[in-house]
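Report on one structure; see the data block that follows.
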Amino acid sequence: MSSTDTSMARERIVSLLDTNSFVEVGAMITKRSTDFNLLEKEVPADGVITGYGLIDNKPVYVYSQDSSSLNGTIGEMHAKKIASIYDLALKVGAPVVGLIDCAGIRLQEATDALAGFGDLYLKQTLASGVIPQITAVFGNCGGGVAVSSALSDFTVMEEKNAKLFVNSPNAIEHNYIAKCDTSSAAFQAEAGVVDVVAKDEQEVLAKVRELVSVLPTNNEDDAFIETTDDLNRTIVVSTDVKETLKDISDQNQFVEIKEAFAKGMVTGFLKLNGMTIGAVANSEAELSTDGCKKAADFVNFCDAFNIPVVTVTNVTGYKATKDEEKTIASAAAKLTYAFANATVPKINVIAGEAFGSAYITMNSKHIGADLVFAYPDSKIGMMDAANAVQIMYSNEIEKAADKKTFISEKAADYEAIQSSPVSAAKRGYIDNIIEPESTRKQLVYAFEMLFTKRESRPSKKHGTI
């Protein structure tokens, strides 16, 4: 084949991997089918380049689709090449990175192509929770390929030229692409399908490299690198929880996941003394359905790959709307289950308010957090003290000469007895009351202590939540 036939697909691999580390596998494989004039068409490497290499000296397997070969469509041998890469990656315990630029299924190969899709889906399912799977979308990612992308752990999408869709925008009733481009990166990111949106191809590749660098190579490996950052460094707690997470992390590195989706819940990876930690934090005081789903999926990923989890909690309850009421109970149950079911080290930092069952859901001591820290001015309890007083003393308030003073005095009493971190600590619900500036130091030492945590659970095939 000519060097230009697969230049873009190959260039992406070369740009992604460490210099001179790529080794191609299956370069001579091509289509078997000769139906519908395929005999007359040359399809170099059957439209996909496969092989292995290094990212920051960590082994990865990679495939890159070639849109210049039958538009990068997936046929029988194309799918088999990718499936073969999965087999190799599973044997050695290395991540798989897919670089997508594909017009979908190869119509000329019909059921053979469908069988290839099925084989690929099966390999991805078997690999789930064993090796990290990352998909990067540069061009089209439609139909069955969109399902393959969703079967991976993380999807990174180029902002302007990439398209991800199960159904084309123009095929959706009452819609057309000029009205609403449902295949765009912005739409899919806001829907929670895409994890990271990048402005151009080079940033896509940089984001993939960043993800690989913070993730373990497999579910039996530790994600650890040496750090020169001061373990006792104090931090500045910001009103923007993302800035707080950055300040906590080694070298202020915070890799956010699903930034555009459910913005009231922040998820991502940070480093503490070189160890990768999954972070979940509220940026809004009320838990939403999407926020619960986002956090639950993230916690499940961390648990599968033995990544410890820290939560920064500031929650007053659940979002109260008619639409939320249809879904919030099941979504909150999924998040509660995810935290309770996870056996990795889990630490909760109560940075503000922690009220009601929403507080229980956010990685509380009551559902299995190993350690819970609270700031001195935090509040833990059923609800805001003033609201609680107005319910408990409704009759007395009506008779009081100065209602405002009565409520204020009773609220102060209630807060001291029921809502203060000291009260919760006396009951064993809080392990330590810490100063905000010491958060990084406290977390570093706590996760070091929990590094060898082992926890046995009842024998079962899997849960049902």
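The first residue in the sequence is number 1, and the count goes up from there.
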Checking Asp112 against Lys80 for the salt bridge (charged side-chain N to carboxylate O under 4.0 Å, His left out) test, could you report, in this order, the C-alpha distance in whole Å, the side-chain angles of both residues, the deciding distance, and whether it holds? CA-CA 11 Å; Asp112 286 337; Lys80 282 187 175 182; over 6 Å; no
Determine the minimum heavy-atom distance between [X] and [Y], stating which atoms define it.
X      : Y      : value
Thr217 : Pro132 : O-CD, 3.3 Å
Asp195 : Phe154 : OD2-CA, 3.2 Å
Ile360 : Ile367 : O-CD1, 3.2 Å
Asn306 : Asn219 : ND2-O, 2.7 Å
Ala9   : Ser64  : O-OG, 2.9 Å
Gly93  : Asn218 : O-ND2, 2.9 Å

[X] side chain to [Y] backbone, donor-acceptor under 3.5 Å:
X      : Y      : result
Asp247 : Val236 : yes
Ser330 : Thr327 : yes
Lys81  : Gly26  : yes
Lys294 : Phe261 : yes
Glu210 : Val255 : no
Glu24  : Gly51  : no
Gln188 : Leu164 : yes
Thr276 : Val214 : yes
Asn282 : Asn314 : yes
Thr267 : Ala295 : no

Under 30°, 30 to 60°, or over 60°: which ring-plane class applies to Tyr61 and Tyr52, parallel, tilted or perpendicular?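 Tilted.
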Tell me whether the rings of Phe298 and Phe269 are parallel (<30°), tilted (30 to 60°) or perpendicular (>60°). tilted
So do [Y] and [X] actually touch side chain to side chain, heavy atoms under 4.5 Å?
X      : Y      : answer
Val266 : Leu245 : yes
Asp221 : Phe305 : no
Ser288 : Glu324 : yes
Val344 : Ile307 : no
Tyr86  : Gln133 : yes
Thr244 : Thr439 : no
Thr227 : Lys271 : no
Ser148 : Leu120 : yes

How about Tyr63 and His78: are their ring centres within less than 6.0 Å of each other?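 No; His78 has its ring centre 6.0 Å or more from that of Tyr63.
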Under a 4.0 Å N-O cut-off, is there an ion pair linking [X] with [Y]?
X      : Y      : result
Asp101 : Arg12  : yes
Glu455 : Arg457 : yes
Lys322 : Glu325 : no
Asp66  : Arg10  : no

For Phe339, what residues pass the ring pair (Phe, Tyr, Trp, His ring centres under 6.0 Å) criterion, not counting sequence neighbours?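 Phe339 satisfies ring pair (Phe, Tyr, Trp, His ring centres under 6.0 Å) with no other residue.
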Looking at residues at least two apart in the chain, or sitting in another chain, which of them share a ring pair (Phe, Tyr, Trp, His ring centres under 6.0 Å) with Phe165? none
With rounding to the nearest 0.5 Å, note down the distance linking [atom1] in [X] to [atom2] in [Y].
X      : Y      : atom1 : atom2 : value
Ile235 : Lys441 : CD1   : NZ    : 11.5 Å
Asn300 : Asp297 : CG    : CG    : 6.5 Å
Met362 : Met265 : CE    : CE    : 5.0 Å
Leu99  : Leu16  : CG    : CG    : 6.0 Å
Tyr359 : Glu353 : OH    : CD    : 14.0 Å
Asn175 : Glu173 : CG    : CD    : 10.5 Å

Residues two or more places apart in sequence or in another chain: which of them pass side chain to side chain contact (heavy atoms under 4.5 Å, CB included) with Lys326?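 If we apply the side chain to side chain contact (heavy atoms under 4.5 Å, CB included) test to Lys326, skipping adjacent residues, the hits are Asp323.
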If you draw a 6.0 Å radius around [atom1] in [X], do more than 12 non-hydrogen atoms from other residues or ligands fall strictly inside?
X      : atom1 : answer
Phe451 : CZ    : no
Lys365 : NZ    : yes
Lys163 : NZ    : yes
Lys453 : NZ    : yes
Lys263 : NZ    : no
Glu226 : CD    : no

Thr311, Asn363, Asp370 screened by side-chain hydrogen bond (donor to acceptor under 3.5 Å, both in side chains) with Asn348, the one that passes: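 Checked Thr311, Asn363, Asp370 against Asn348; only one passes side-chain hydrogen bond (donor to acceptor under 3.5 Å, both in side chains): Thr311.
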Thr361 and Thr336: side chain donor to acceptor below 3.5 Å: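 Per modelled atom types, Thr361 and Thr336 side chains form a pair under 3.5 Å.
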